[in-house]
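Because the structure is a prediction, the values reported are computed rather than measured. Just so you know, these numbers use all the heavy atoms, side chains as well, and skip hydrogens, waters and symmetry mates. Here is how names work: the chains are called A, B, and so on, in the same order as the sequence lines, proteins then strands, and each is numbered from 1.
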Amino acid sequence: MSEQTLSKTTLTETKNASVEIHGLSRAFDGRTVIDALDLTIEQGEFVALLGQSGCGKSTLLRILAGLDDEISGQVTVPSRRSAAFQSPRLMPWLKVWRNVVLGLPGKPDRALATRYLAEVGIDQRAGVWPKTLSGGEAQRVSLARALVREPELLLLDEPFGALDALTRVKAQRLVGELWQRHGCSILLVTHDVEESLLLADRVLVMDAGGIAHEVTVDLPRPRDIGSPEFVAMRTQLLAWLGVHDAATNAAPNVDGNAAA
Amino acid sequence: MSEQTLSKTTLTETKNASVEIHGLSRAFDGRTVIDALDLTIEQGEFVALLGQSGCGKSTLLRILAGLDDEISGQVTVPSRRSAAFQSPRLMPWLKVWRNVVLGLPGKPDRALATRYLAEVGIDQRAGVWPKTLSGGEAQRVSLARALVREPELLLLDEPFGALDALTRVKAQRLVGELWQRHGCSILLVTHDVEESLLLADRVLVMDAGGIAHEVTVDLPRPRDIGSPEFVAMRTQLLAWLGVHDAATNAAPNVDGNAAA
Amino acid sequence: KSSASSGSSDLSSVTLAVGDTGWARAQAVLKLAGLDKTPYKVKWSVFQGGDLQLQAVRAGALDVASSSEIPPVFAAADGNANFKVVAVQKGTTLQQEVVAPKGSKITSMAQLKGKKVGYVKNTTAEYFLYELLKQAGLKWSDIKAVPLLPDAGLAALNGGSIDALASYGNSIIAAHGQGATTIGSGADILSGNFNWEASDKTIASAAKRAALADLLARVNKGYAYIRNGHETDYAKVTATTTHQSVSEALSQYKAGEQQRPTTIGLTTKAAIVSEQQVADAFDALGALPKHLDVSTFWTDVLNSDLRKALAS
Amino acid sequence: MSVQEHVTPGAAPPGNAGEPAAGPEPGAGPQEAVAGTAGTRAGAAGAGAATSGAAPTAAPRLTIRPARQARRGFRVPRSVRRASGPVGVLLVWYLAGVSGLLPTSVLASPVDVLRQAWDLTANGQLPSAIVASGKRAATGFAIGAVIALVLALTAGLFRLGEDVVDSSMGMFRAIPWVGLIPLFIVWFGIDETPKIALVALGVTYPLYFNIYGGIRSADSQLIEAARMLGLGRIGLIRYVILPSALPGALIGLRYALSTAWLALVFAEQVNASNGIGYLMSNAQQYFRTDVIVLCLAVYAILGLLCDFVVRLLSKRLLTWRASFDGDGA
Amino acid sequence: MSVQEHVTPGAAPPGNAGEPAAGPEPGAGPQEAVAGTAGTRAGAAGAGAATSGAAPTAAPRLTIRPARQARRGFRVPRSVRRASGPVGVLLVWYLAGVSGLLPTSVLASPVDVLRQAWDLTANGQLPSAIVASGKRAATGFAIGAVIALVLALTAGLFRLGEDVVDSSMGMFRAIPWVGLIPLFIVWFGIDETPKIALVALGVTYPLYFNIYGGIRSADSQLIEAARMLGLGRIGLIRYVILPSALPGALIGLRYALSTAWLALVFAEQVNASNGIGYLMSNAQQYFRTDVIVLCLAVYAILGLLCDFVVRLLSKRLLTWRASFDGDGA
Ligand SMILES: Nc1ncnc2c1ncn2[C@@H]1O[C@H](COP(=O)(O)OP(=O)(O)OP(=O)(O)O)[C@@H](O)[C@H]1O
Ligand SMILES: Nc1ncnc2c1ncn2[C@@H]1O[C@H](COP(=O)(O)OP(=O)(O)OP(=O)(O)O)[C@@H](O)[C@H]1O
Ligand SMILES: [Mg+2]
Ligand SMILES: [Mg+2]
């Protein structure tokens, strides 16, 4: 286990890049959302991306996915990528299992789809229409669809946002496992600071159109949420995100005048 | 402050119900999702609803919203309700501010819309089309749209799911304030156990089509996330949800054989 | 000034709804001859065919229609005709021909046996084709008859889809323009009779009868006026609506008038006999549901009024 | 979905008997205090409006009634209601004929038409006409549908295709068929081909416009997702674009199917000796209102049949769709 | 959107000069060890497939090129490309005439048509015909649009309305106009009314089918949301149903606008002494192919104009939509 962690570290040091971004900018109707952003993700690295709502995380992911070319700057990515978008984006006219293996070469492999659906805990709903899924179920299908492709670069946009605690833990574990097994690079957008620290090699905080802060999480896995290093990083990240632990406790403020 | 908390408690005792559900059942194509559920929510009570993905939380909310009548059982609700759905469901053909005040009597009041949008931190995007919003921005518009109506019963389906830590704290505070000010009843579906304990008077855990567990949170507000009662309740709820604190730390499991 | 001499002094309240074909010819003639100031009102309506006019008469939207001999046969075929033929206009029967395309080996009707012959269904073309075949000793079934509208017929003739075409008017002129040759002419088969039909309701009203008689007399006079040195004026009017050159229109007009001057007259036995022949031909062609006695939709009630009007 | 909401201010809603729900319950002592907290919001506006000291009335409540309960009592079956439109038209027609409002010379009475239908069926004319027209309509439809699909895909998928095809289609559509018949004869002769070509032409337009429109209304988010899934151009068309365009295409299909029959009214004026179009224009020339009306009736029935087919097809093909299906009335 | 993806196995993509990105960099020592971890996945399938010991090659990478960069070089302007279709048709027509492929008796040459256009414009016939037809088309269109909207709303919003209206519309649509002309004469006389009625009839169907279909494809989630917002029936129609139906309605509009002009070809055979339909059927009778073709051309131009209007309208009305707009080719 520690051996594997080591090989990751080696990798980071060899600078064998999977994603390279230089001076990337993107503006919508004159409003610059991403501004001269630089970022390198190594092969096999697990990077988490935090940032305020609307700061441009999804925009960055769409660019890396090759879905947005109204950009300036230099972006190089592996050709084999897959993504789970922020909303599930399932094809409503395809049954759930078909959605999962859509786009894979060869005959649609229901067994494969069911295997992955089982991993996210919804194999018994493999044969229904997407419209009958609950929010969390749809999100899990979308996740399974991204994972089944086994890409070089996996782009995950808040893939666990609609999941309850238990399902979330299972899904996180699944992603972690696949990452270990296949050594792909992962860029995970999340709003959960603990999640980012539990999973990632490196946590980025996006702000003002660029990578404002960065933490390298060199803790051995599995990580202890209570360890002092963990708590310190968590506090640091929350502070960068504008939250001070005290603030968390203040809600709801009954006096009615502590609102921002 | 403590006085207000007291009046809440009184309320619970007087059984002046806002929502009354008796023997509610709902099945989809023969699959029973809600099964003989009983629930009473007092006037002015803040109830949080937890439960595994796909257990029927959104279904229950839709029934309370009056959007689903393929039910059996008895459901009585206030006539003035509003809801923020799990997905934002903004009208794509109406500008953001127009979405917020849609359905309110009288002339569309942009000032009012902007006020509420400012409260969720996106007043500067009041005049754009919904398609240009980020995931979290859309969710906040949807929340503002539910809050502006000032209903008797507010139904919130994971309203903070796509928000970053800071924005989330602010939004939680806003909901708390409005609840204090207007004394409406709130049913909040969330996957965040801490959030439920910070906000609600009572936390329900849904399972097997009914309310399986219930915690009355009689802690004074603002609540301390570190207090022993809080931690105990949190552990209890997580256990009911199938998560034991230890499990959280186990992800990702590098050995690859600890998967469920 | 020609007036309705039939006694009914006040015609000012009468309105005649009169159908006109194609480019409002009768209307133009009256105007050209300065005869359009009638003591009654005339509401002209232009239709793209006599059959449409008779449709309007049957529906009660028109008082008077004008057509060739063919449409009334069909309009009366169901036995419910609510109109009568009240006057007969004589006119040219030129440009009613069976033609073969340029370079065709066919030169006579007899050679059409087994050939594809285009014709315009339910028109004079069908009638004279039938009669010409009969004269050539052929039955209708001896040819492959291809029902086509004139423009489609010409296209088919040029495209080689048919071996001959029975048609009329400008389609024949155009065909000749492309080198088609005449292999049969309807000039002597067709009577040249054009019918004026009035609805039973119109006929029942003495005032309308008087007005109609006067109107027909005026049209007759108008044609005479044109023949009397105003051919070019007429050709100019024609040319604008048919989009021909004036000289073209003039020569066409002259040829027609030379063959048979346009006049309006009373209904006659001979005209009825001619109409009956047409009806019988279509009957033989199987186009009529049952044998038709054409005299049922002919009348002489207008004759006395018309005679007076024509004479004045 | 029927929303059975009966607002009953401060009282149990009717039909909710036996359940003393809502409202000021007897013995609800500290009512005032609670109401003071809850406040009253007559107008829904006013974000920061202070809680007014209005009268402490309980909020109006309502019961959500199970759909099954609401649907008790007699209901006219769906099929009867669907038939009511056409049957109503028949009735009006019959009455108009009987009352003399419509002279039979214009519109034959249903009785005459029925007799005519019997006669023409007995002598085989009507069945053979339907068969002849049906063949032409089917062939033409198939060809037109393929052309429409190809053109719509070209215009829908490629900007260049759009530029070249779409403006041309708008132009061609505006050109009346009738004017094209001579051209068709030159190109296709006078046998079956021009008739089929005319049908194809008539069918192409509505299908084209609707499929093209459907393609262009495909959700860009799904297209992005499909691109990420590694779908190539063919896969994109097959799994995203065409399904997206399907609802629109089915609307076009409804229109196109009836157009297919209609086109034959004109097509069968060219060298036809059978077919409903022929029967009809023939009857028109002979002023046989009974036959005309019979033909119209046949068209109507064929229209209903085609509609029925499209309805079935839609039901099967669009099960995946969560869309509005009218209220429950 | 153009996806400029050039897969360059293990090498920097072309056009990425100056940037020694990707691939086995010189001096990348511990390459093997890394590749061993990353594995190679030639086929994308196999969930639990063990990492094979394949050759340690670096994964293919690609550069996402900015759109601006890709768009360098000469580009044919949009308007030129849009004109290419119609202009191409013109050219083919001209060549067909010159080469004698199409005899002028069937299709007059563009030169003749132009001359005719000049003459008829000079003597005022063509402008007055367009004005006369335009008035009829506009009135009929307005009436038909209102009827279509009312019927579509009735059928779209109420199950009962659907049952009664929708089946009848399917039936009526199948009945050919031409067969109805005698009826129209009885009901509306022979003046302007029957012509306008015919146009209205022709316009009603495509609009009805598309608006109805549009209403029925409204997202049920949005309708639920609107109900929750307290929108009444009118509000629901105004703010949800009609906007949902708008894209479909615009497709119907495209079709309906050209139909409006077409209907006049038949309508203006009855008691008309002006209008393009009259001009055209008159020319047909007198066999003036140049005038016929001129009329066809006028129809085509009117069609293009109407299309242009709908295009502008769509652009303005559908700015809110995030939908597929064809690739960037
Ligand atoms: N229209 C439908 N047809 C069939 N099954 C449905 C339908 N809607 C929901 N379901 C099923 O009912 C169950 C409950 O759905 P619901 O949306 O209430 O879950 P939920 O508790 O909100 O879950 P989540 O936390 O994932 O949003 C799910 O298993 C879902 O698949
Ligand atoms: N198509 C668009 N047109 C205009 N503005 C856009 C468009 N797409 C996104 N934006 C804006 O760009 C900004 C960044 O959007 P993005 O979706 O990347 O945010 P995000 O970081 O993913 O936020 P969230 O956490 O809320 O999902 C937002 O302010 C958004 O409103
Ligand atoms: Mg986002
Ligand atoms: Mg849910």
Heavy-atom pairs under 4.5 Å with chain B: which of Gly121(A), Ser87(A), Gly135(A), Gly161(A) has the most? Gly135(A)
Gly56(B), Ser134(B), Ser58(B): which one forms the most heavy-atom pairs within less than 4.5 Å of chain A? Ser134(B)
Among Gly51(B), Gly136(B), Ser53(B), the residue with the most heavy-atom pairs under 4.5 Å to chain A is Ser53(B)
Partner set under side chain to side chain contact (heavy atoms under 4.5 Å, CB included) for Gln52(A), not counting sequence neighbours: Asp164(B), Leu166(B)
Please classify the contact of Arg140(B) with chain A as side chain, backbone, both or neither, using a heavy-atom distance under 4.5 Å. side chain
In terms of heavy-atom proximity below 4.5 Å to chain A, should Glu137(B) be classed as side chain, backbone, both, or neither? both
Quick check for you: to the nearest 0.5 Å, what is the distance between Asp192(A) atom CG and Arg168(B) atom CZ? 8.0 Å
If you compare all heavy atoms of Gln86(B) against all heavy atoms of Ala162(A), which two are closest, and at what distance to 0.1 Å? NE2-CB, 4.3 Å
Which atom pairs, one a donor and one an acceptor, fall under 3.5 Å between side chains of residues 122-130 of chain B and the rest of the protein, sequence neighbours left out?
residue   : atom : partner   : partner atom : Å
Arg125(B) : NH2  : Thr132(B) : O            : 3.4
Arg125(B) : NH2  : Thr132(B) : OG1          : 3.3

